[in-house]
Number of protein chains: 2
Amino acid sequence: MTYSIKEVAEKTNLSIYTLRYYDKQGLLPFVSRNAAGYRTFTDSDLSLIHTICCLKNTDMKIKDIRQYIAYCMAGPDTIEARKQLLRRHKQEVLDKQRKLTENLQEIDYKLAVYSNPHARDIIDQERQAVTAEKTANQLASWANQ
Amino acid sequence: MTYSIKEVAEKTNLSIYTLRYYDKQGLLPFVSRNAAGYRTFTDSDLSLIHTICCLKNTDMKIKDIRQYIAYCMAGPDTIEARKQLLRRHKQEVLDKQRKLTENLQEIDYKLAVYSNPHARDIIDQERQAVTAEKTANQLASWANQ
DNA sequence: CCTTGCCCTCGAGTATACTCTAGCGTTTAG
DNA sequence: CTAAACGCTAGAGTATACTCGAGGGCAAGG
């Protein structure tokens, strides 16, 4: 079974434009062409594209995905290199997840303030403190102009 | 206590360029200027910039951060709007985290294959299957050219 | 045969978020 | 007082990742 670029676009939720762009960027060196020059995708191509999407979904740069694919094309001698690349990337994703969690806690704190029954009073007080701090430093505040 | 743009850059790990860019984009309408036109930051300004960094660290677009800040400047009447904006953003971050976790599992699977003592054999077999699939579909494989 | 739909490439255009340069005013240490 | 350090704006430049239009070839149904 083989697939046209349109079919692959539907299966992967990538646009045809994006697939061609990825090919141009060297992400799809494994895709064959038919006699007319049309890209012809096999199931194993789809599998590799799935991997590419995995890396893209975890925010890997195209440059690095290209490197990974290049390793895959180069054969078993690059297994160590692939492992190192994926390990480094995994660590970056874990760091990103930790960062997201930390920042989400602060957003939750804000949400809690806004949901407090006295939110209006709290905000009003904050605004007065801000203005007081500005005037204490001889600064014009957006509020008093 | 007030701070120069350089001091704020050091405290926030944003570059001076970025701070000025954020100001130009309407993210820092609360920052006052001194007689010479220099930006002069107060502690409460730093606190708001910290919030901006939180939103940025969770990949909020500048356009949406600007909206949030505009709500903050507009006073207590916008508390509901702020809550909705942050809730929607929080949901997006949670979705992103889920996506990261899912994709990380597939990366872990790849890593497991590469760490298998027979990784070389597995990869070799895969490559042969890929070539077989290509030739079965009358396609030239990168490998046989 | 020929129209409609799909495919191709090349190159330009868009969006986002910075990053930097040029030209000029301000502040401060010696 | 003056040179170095710092600040300002406007606008150009960079990086990344698409997204699209123009011009043209290929394939299948009527």
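No hydrogens, no waters, no symmetry mates; every other heavy atom, side chains included, goes into these values. What you see is a predicted model; the values in this text were computed from it and never measured. To find a chain, count down the sequence lines: A is the first, B the second, and so on, and within it residues start at 1.
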Residues passing the side-chain contact (heavy atoms from CB on, under 4.5 Å) test with B/Val130, sequence neighbours excluded, are A/Ser44, B/Lys134, B/Trp142
Any residue of residues 45-69 of chain B with a heavy atom less than 4.0 Å from an atom of DNA chain D: none
Pair A/Glu80 + A/Lys83: basic N to acidic O under 4.0 Å: yes
Please check the phosphate of D/dC18 (OP1 and OP2 only) for any side-chain N or O of A/Ser15 closer than 4.0 Å. no
OH of A/Tyr17 versus P of C/dG13: gap in Å, rounded? 16 Å
Once each nucleotide of nucleotides 3-13 of chain D is scored for protein heavy atoms under 4.0 Å, what B/S/- sequence comes out, 5' to 3'? ---BSBB-B--
Scan the side chains in residues 62-76 of chain B for donor-acceptor partners under 3.5 Å anywhere in the protein, sequence neighbours excluded, and list what turns up.
residue, atom, partner, partner atom, Å
B/Arg66, NH1, B/Gln25, O, 2.6
B/Tyr68, OH, A/Tyr114, OH, 2.5

Once you round it to whole Å, what is the distance between P of C/dA17 and CG of B/Leu28? 14 Å
Could you tell me how far apart B/Tyr21 (OH) and C/dT16 (P) are, to the nearest whole angstrom? 9 Å
Between atom CD in A/Gln25 and atom P in D/dT16, what is the gap in whole Å? 10 Å
Report the distance from atom CG of A/Leu14 to atom P of D/dT19, rounded to the nearest whole Å. 10 Å
Side chains of residues 115-123 of chain A: which donor-acceptor pairs under 3.5 Å do they make with residues two or more places apart or in other chains?
residue, atom, partner, partner atom, Å
A/Ser115, OG, A/Leu111, O, 3.0
A/Asn116, OD1, A/His118, N, 2.6
A/Arg120, NH1, B/Asp77, OD1, 3.1
A/Arg120, NH2, B/Asp77, OD1, 2.9

Pairing residues for A/Lys56 by the side-chain hydrogen bond (donor to acceptor under 3.5 Å, both in side chains) criterion, not counting sequence neighbours: none
Could I get the full list of side-chain contact (heavy atoms from CB on, under 4.5 Å) partners for A/Tyr17, not counting sequence neighbours? A/Ser15
What residues form a side-chain hydrogen bond (donor to acceptor under 3.5 Å, both in side chains) with A/Lys90, not counting sequence neighbours? B/Asp108
Using the test side-chain contact (heavy atoms from CB on, under 4.5 Å), find all partners of B/Gln105 that sit at least two apart in sequence or belong to another chain. B/Thr101
